[in-house]
Chemist: 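Handing you a structure now.
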Amino acid sequence: MAHLAALSQVSFAVPAGSDTTLRRSAFKIQNIGFGDKSWHPALSLDLKSRNTGLKKRLLVCMSVQQASRSKVAVSPLELEDAKEPPLNTYKPKEPYTATIVSVERLVGPNAPGETCHVVIDHGGNVPYWEGQSYGVIPPGENPKKPGAPHNVRLYSIASTRYGDSFDGKTASLCVRRAVYYDPETGKEDPSKSGVCSNFLCNSKPGDKVQITGPSGKIMLLPEDDPNATHIMIATGTGVAPFRGYLRRMFMEDVPKYKFGGLAWLFLGVANNDSLLYDEEFAKYLQDNPDHFRYDKALSREQKNKSGGKMYVQDKIEEYSDEIFKLLDDGAHIYFCGLKGMMPGIQDTLKKVAEQRGEKWDEKLSQLKKKKQWHVEVY
């Protein structure tokens with residue numbers, strides 16, 4: 001909140017003719033331009049005269065504004081001192097009670113389904129590293145174990161260790177609301193909705209949430225070489241850990257980590273309205289063209305070279321020569337998203353390897369041996 005406190009007034013601009021309630025990215029800070037859209041000043045908010053909830057809801061918008069400026073100071077820098085990542089500080093039998101700061105819809109009106117950005121205040125008591133996950137225990141009773149709590153659901157953390165407020169006290173999750181539609185009637189059946197995702201997406205500022213973790217080491221960002229190449233391949237909410245990486249690389253002023261390599265993000269979603277954190281990524285691309293590449297696969301709006309739907313593996317095939325050369329030179333490659341993404345990607349990589357006269361199984365084995373291959377699917 002430190003960067004908010006310094007501003008007594010913030011002027012917002014909204015796109016002409018838009019419904020400002022539809023998505024958080026409809027709110028733009030004045031004098032911040034994304035793309036070639038025409039933005040008109042709409043309202044000024046006196047932050048000192050509004051309630052705390054409003055200030056907290058502005059955090060994500062403010063962080064987009066920060067992306068357009070010089071890098072943001074973060075604290076406490078002691079979070080850089082640990083030699084090993086924190087692991088399972090809080091376990092399922094003794095979770096930490098955190099507080100919801102804000103819940104914001106990330107997607108536009110034409111996106112299939114709803115995805116929310118959930119900011120959680122852990123008070124600095126559940127520190128984590130980029131690429132790790134939190135466990136969430138939704139309230140209520142486990143229907144399969146009467147009297148017992150629900151099982152833990154894991155969510156990749158979508159912020160750096162400093163959180164969206166840059167003070168080390170929050171963590172952000174990217175959550176798609178899980179709903180079930182009856183195949184016969186085509187209507188939603190609330191009784192079969194995802195318990196945890198709906199709890200998080202329906203939460204209000206101030207609500208309590210039981211969290212465990214942090215967990216995971218496979219997706220940690222290797223920082224021994226600040227000039228390394230990182231190829232990130234995500235479908236949907238699988239973009240979460242990569243948002244953390246990219247904020248650390250391009251947004252935050254971290255004295256011990258000055259990124260000078262290449263970050264290349266491939267993001268696969270259904271359509272333009274389904275893009276997640278697109279404004280942040282577009283700004284990094286504008287400000288860091290030599291260090292960031294950003295390719296989108298929109299399955300319902302783009303066609304691949306065969307005339308079919310454009311999936312993320314089609315984008316990988318499109319750039320396969322470059323990708324294989326980067327891997328040969330030591331690049332790290334990461335995959336995050338639904339587990340159904342991997343067979344198509346593996347088939348594409350195998351086909352490309354064979355075209356290059358290589359055996360994919362041997363190449364994959366080498367990538368794993370050299371710790372260049374990172375996969376987290378669910």
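Just so it is clear, the values below take in all heavy atoms, side chains as well, and ignore hydrogens, waters and symmetry mates.
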Chemist: Go through the steps for Leu262 and Arg293 under the test side-chain contact (heavy atoms from CB on, under 4.5 Å), then give the verdict.
Modeler: CA-CA 8 Å; Leu262 172 67; Arg293 294 176 67 172; 4.1 Å; yes
Chemist: Quick one: which residue pairs count as a side chain to side chain donor-acceptor pair (under 3.5 Å) with a foot in residues 205-215, not counting sequence neighbours?
Modeler: Thr97-Gln210, Thr99-Lys208
Chemist: Can you confirm whether more than 12 heavy atoms, excluding those of Lys363, are under 6.0 Å from its NZ atom?
Modeler: yes
Chemist: When you compare the side chain of Phe266 with that of Met232, does any pair of heavy atoms fall below 4.5 Å?
Modeler: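 No, every pair of side-chain atoms sits at 4.5 Å or beyond.
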Chemist: If you count every heavy atom of other residues, nucleotides or ligands that lies below 6.0 Å from Lys315 atom NZ, does the total exceed 12?
Modeler: yes
Chemist: Got a second to check how far Met251's CE is from Glu280's CD, nearest 0.5 Å?
Modeler: 4.5 Å
Chemist: Would you say the side-chain atoms of Gln132 pair up with the backbone N or O of Leu220, donor to acceptor, closer than 3.5 Å?
Modeler: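 Side chain of Gln132 to backbone of Leu220, a donor-acceptor pair under 3.5 Å: no, none is there.
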Chemist: Could you report the tightest heavy-atom contact between Val152 and Gly135, atom names first, then the distance?
Modeler: CG1-CA, 3.4 Å
Chemist: Report whether Tyr162 and Trp129 are members of the same hydrophobic cluster (ILVMFWY, side-chain heavy atoms less than 4.5 Å apart, transitive linking).
Modeler: no
Chemist: Between CG of Asp314 and CD1 of Ile316, what distance do you get to the nearest 0.5 Å?
Modeler: 9.0 Å
Chemist: Does the side-chain contact (heavy atoms from CB on, under 4.5 Å) test come out yes or no for Thr160 and Glu252, once each step is laid out?
Modeler: CA-CA 9 Å; Thr160 73; Glu252 297 179 345; 2.6 Å; yes
Chemist: Looking only at heavy atoms, what is the nearest atom pair of Leu327 and Ala331, with distance?
Modeler: CD2-O, 3.6 Å
Chemist: In the structure I gave you, are the side-chain heavy atoms of Val101 and Ile120 within less than 4.5 Å of one another anywhere?
Modeler: no
Chemist: For the residue pair Trp264 and Tyr319, is the inter-centroid distance of their aromatic rings smaller than 6.0 Å?
Modeler: yes
Chemist: List the atom of Leu173, the atom of Val136, and the distance in Å for their closest heavy-atom pair.
Modeler: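 Distance-wise, the nearest heavy atoms are CD1-CG2, 4.0 Å.
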Chemist: Looking at Asn110, is its backbone amide N or carbonyl O close enough to the side chain of Asn271 to form a donor-acceptor pair, meaning the two atoms are under 3.5 Å apart?
Modeler: yes
Chemist: Same cluster or not: Ile333 versus Leu326, using hydrophobic residues (I, L, V, M, F, W, Y) connected whenever any side-chain heavy atoms lie under 4.5 Å apart?
Modeler: yes
Chemist: Do Arg247 and Asp164 come within less than 4.5 Å of each other through their side chains, counting heavy atoms only?
Modeler: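 Yes. Closest side-chain heavy atoms under 4.5 Å.
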Chemist: Check the pair Ser159, Tyr128 against side chain to side chain donor-acceptor pair (under 3.5 Å), reporting the backbone distance first and the verdict last.
Modeler: CA-CA 10 Å; Ser159 50; Tyr128 57 88; 3.0 Å; yes
Chemist: Kindly compute the distance separating OG (Ser75) from CZ (Phe166), expressed to the nearest 0.5 Å.
Modeler: 11.0 Å
Chemist: Within the structure provided, determine whether Asn272 and Glu301 are in side-chain contact (heavy-atom separation under 4.5 Å).
Modeler: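 Answer yes - side chains close enough.
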Chemist: Should the pair Arg161-Glu80 be classified as a salt bridge under the 4.0 Å nitrogen-to-oxygen rule?
Modeler: yes
Chemist: Could you give the distance from CG (Leu364) to NZ (Lys369), rounded to the nearest 0.5 Å?
Modeler: 13.5 Å
Chemist: Do any N or O atoms from the side chain of Lys71 and from the backbone of Met249 form a donor-acceptor pair under 3.5 angstrom?
Modeler: yes
Chemist: Do Asn88 side-chain atoms and Tyr90 backbone N/O form a donor-acceptor pair below 3.5 Å?
Modeler: no
Chemist: Cys336 and Glu376: side-chain contact (heavy atoms from CB on, under 4.5 Å), yes or no, with the steps?
Modeler: CA-CA 5 Å; Cys336 190; Glu376 183 174 84; 4.1 Å; yes
Chemist: Can any side-chain N or O of Asn198 pair as donor or acceptor with the backbone N or O of Val195 at less than 3.5 Å?
Modeler: no
Chemist: Below 4.5 Å, heavy atoms only, C-beta onward: do Tyr378 and Leu154 meet side chain to side chain?
Modeler: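 Not in contact.
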Chemist: Are Tyr334 and Tyr245 close enough that some pair of their side-chain heavy atoms sits under 4.5 Å apart?
Modeler: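 Counting from C-beta outward, Tyr334 and Tyr245 do come under 4.5 Å.
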Chemist: Honestly curious: do Val377 and Met219 fall in one hydrophobic cluster under the side-chain, below-4.5 Å linking rule?
Modeler: no
Chemist: Please check this pair: side chain of His117 against backbone of Glu104, looking for a donor-acceptor N/O pair closer than 3.5 Å.
Modeler: no
Chemist: Taking the basic N atoms (NZ, or NE/NH1/NH2) and the acidic carboxylate oxygens, is any pair closer than 4.0 Å for Glu317 and Lys351?
Modeler: yes
Chemist: Report yes or no: do Ile157 and Phe199 belong to one cluster of Ile/Leu/Val/Met/Phe/Trp/Tyr joined by side chain heavy-atom distances under 4.5 Å?
Modeler: yes
Chemist: How far apart are the closest heavy atoms of Pro127 and Gly124, and which atoms are they?
Modeler: CD-O, 3.9 Å
Chemist: Against His374, only a single residue in Lys217, His230, His332 fulfils side chain to side chain donor-acceptor pair (under 3.5 Å); can you say which?
Modeler: His332
Chemist: Does a salt bridge link Glu114 with Arg176, judged by any charged N lying under 4.0 Å from a carboxylate O?
Modeler: no
Chemist: Does any N or O in the side chain of Ser365 come within less than 3.5 Å of the main-chain N or O of Asp361, such that one atom is a donor and the other an acceptor?
Modeler: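 Not confirmed, Ser365 side chain does not pair with Asp361 backbone.
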Chemist: Considering non-hydrogen atoms only, spot the tightest contact between His150 and Pro143 and give its length.
Modeler: CE1-CD, 3.7 Å
Chemist: I want to know whether Tyr294 and Phe281 have ring centres closer than 6.0 Å.
Modeler: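 Centroid separation for Tyr294 and Phe281: below 6.0 Å.
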Chemist: Is the backbone N or O of Gly147 less than 3.5 Å from a side-chain atom of Glu141, with the two atoms forming a donor-acceptor pair by type?
Modeler: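 It does hold such a pair.
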Chemist: Find the distance between CG (Asp347) and CD (Gln313) and round it off to the nearest 0.5 Å.
Modeler: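 So the gap between those two atoms works out to 8.5 Å.
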Chemist: Starting from Val312, can I reach Phe324 by hopping between I/L/V/M/F/W/Y residues whose side chains sit under 4.5 Å apart?
Modeler: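 The answer is yes; both residues are in one hydrophobic cluster.
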Chemist: If I compare all heavy atoms of Cys201 with all of Cys116, which pair ends up nearest, and what's the gap?
Modeler: SG-SG, 3.4 Å
Chemist: Does any non-hydrogen side-chain atom of Asn142 lie less than 4.5 Å from one of Pro149?
Modeler: no
Chemist: State, with a plain yes or no, whether a side-chain heavy atom of Pro214 is found less than 4.5 Å away from one of Val126.
Modeler: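 SC-SC contact between Pro214 and Val126 confirmed.
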Chemist: Under a 3.5 Å threshold, yes or no: a donor from one side chain and an acceptor from the other, between Tyr134 and Ser172?
Modeler: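 No, because no side-chain N or O of Tyr134 sits under 3.5 Å from a partner of the opposite role on Ser172.
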Chemist: Assess whether side-chain contact (heavy atoms from CB on, under 4.5 Å) is satisfied between Ile233 and Leu265, documenting all intermediate values.
Modeler: CA-CA 6 Å; Ile233 298 164; Leu265 174 63; over 6 Å; no
Chemist: Can Tyr96 and Asn125 be said to form a side chain to side chain donor-acceptor pair (under 3.5 Å), step by step?
Modeler: CA-CA 8 Å; Tyr96 180 80; Asn125 298 308; 2.8 Å; yes
Chemist: Before accepting this row, confirm whether a basic side-chain N of the pair Arg300/Asp273 lies closer than 4.0 Å to the acidic partner's carboxylate O.
Modeler: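 Salt bridge: no.
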Chemist: Any salt bridge between Lys283 and Asp287, counting N to O under 4.0 Å?
Modeler: yes
Chemist: Roughly how far, to the nearest 0.5 Å, is CD1 of Ile323 from CG of Asp328?
Modeler: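 Between Asp328 CG and Ile323 CD1, I get 12.0 Å after rounding to 0.5 Å.
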Chemist: Give a yes or no on whether the backbone of Asn151 and the side-chain of Arg153 come within a donor-acceptor separation of less than 3.5 Å.
Modeler: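 Confirmed, Arg153 side chain pairs with Asn151 backbone.
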Chemist: Closer than 3.5 angstrom, by distance alone: can the side chain of Asn288 be matched with the main-chain N or O of His291 as a donor-acceptor pair?
Modeler: no
Chemist: Is the NZ atom of Lys258 crowded by more than 12 outside heavy atoms at less than 6.0 Å?
Modeler: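 Counting other residues, nucleotides and ligands, NZ of Lys258 exceeds 12 neighbours.
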Chemist: Could Lys305 and Glu318 be called an ion pair, given the rule that one side-chain N must be under 4.0 Å from one carboxylate O?
Modeler: no
Chemist: Quick check on ring-ring contact (aromatic ring centres under 6.0 Å, His included): which of Phe250, Phe242, Tyr277 does Tyr284 satisfy it with?
Modeler: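 Checked Phe250, Phe242, Tyr277 against Tyr284; only one passes ring-ring contact (aromatic ring centres under 6.0 Å, His included): Phe250.
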